[in-house]
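Atom set for the values below is all heavy atoms of this structure, side chains included, hydrogens, waters and symmetry mates excluded. Numbers restart at 1 for each chain; the letters A, B, ... are given by sequence-line order, proteins then strands. Computed from a predicted model, the values in this text were never measured in an experiment.
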Amino acid sequence: MSELPHFEKHETPPQPKESIESILEKGEIDRVESLLGFANVKVVSIKDDGKALFKLSMDEFQETRKKIFARIDLEALAGEIDKILGFNLVPPLVAREVEGKMGVFQQLMDARPIEFSDEYEVPDLVGWSDMVDNTEILKAAVFDYLIGAKDRHGGNFLLDLKAKKIWLVDHDYLMYFQERGWGSDLIRAALNKGIAKIDDYVVVALENLQRSMDELRLKFKGEEVLAILRGVEKRAGELLEKGQIPPINT
Amino acid sequence: MTLFYFVELFELDQNANQKKIATFKLSDESEIVEVDGDHDHRVIANIKGEGIFDYKYARPGKLFPYDGMNFLENLKYHFRSGYLLATDAREQVVDGSP
């Protein structure tokens, strides 16, 4: 009997869901639109996969101080710290070339700066901090305390009111504002609401961050970034020791 | 003739389209920045009440509309996320003659 060709039955295995970072990195770009404004920001449509904001790695402000600025590094550093903490506060981002120029490519979130609250018909006496979960405020305040954020205002944190969630953007001036600036509205909100005490979840996150510091130092080069990381490590230790975000003087 | 310096502020709506929400104007005859737009809009109320940092020269303290050109020149650094985006300060000459 002649041997019949053997056909194996192949079923299409379930495809693992592509990560957002992977889509940002490799997704086919459908359309690029420049936004009106001084900072060079573009809205990029990714074929079948939503939209992202693209920001050039340098703008004029950074160019004049380029020795201390590296936008991709700083945005990526903030994203990496957030990832290690597991806080899910920084929208997914990657470094990518768009139209021949490198920059930060970050998922466009369905969220708005606090000042957008009008469209949600928020009563005048209700502040933004009443419209998101306290755990989100605490996480964001801890994050800002850790990175030494002194440039966090209503224009660079976003609210997803449906999810009662906070997103943090614009970490490009982080280095510049280590020693100056006026602090973080999120830290002030946590202190004002009396929710600055860190809970077990944050303790675990901070301990995890402490264990990951060497990995971060290997990943991010440059003396300025390393100085930021030294500050992060020091403040993580302080938070664990004190058990809460200390009052600020700004 | 009056010389104006102005900055426009745009917000990104849910469909990723920009909408102008305010124009900040400073004339050469005044030292205070005036705001054209809905003054009840939280962007405008917030910026008038809370002020902005002096990004350009990193001087301590905050800047408010009464700080004139310093305030105007720093708006582009304050609003840079894309969700809110300010233009550079530009000049406009208005002929006031009848």
Portion of B/K20 that has a non-hydrogen atom of chain A nearer than 4.5 angstrom: neither
Aromatic ring pairing A/H153/B/H78, orientation class (parallel under 30°, perpendicular over 60°, tilted between): parallel
Geometric class of the B/Y66/B/F64 ring pair [parallel <30°, tilted 30-60°, perpendicular >60°]: parallel
For the student: nearest non-hydrogen atoms of A/A189 and A/S129, plus distance: CB-CB, 4.3 Å
Chain B contact via A/L53 - side chain, backbone, both or neither, heavy atoms under 4.5 Å: side chain
When A/V43, A/L158, A/D185 are compared by non-hydrogen pairs under 4.5 Å with chain B, the top option: A/L158
When B/I21, B/L85, B/N17 are compared by non-hydrogen pairs under 4.5 Å with chain A, the top option: B/L85
B/I47 side chain near B/F24 side chain, heavy-atom distance below 4.5 Å: yes
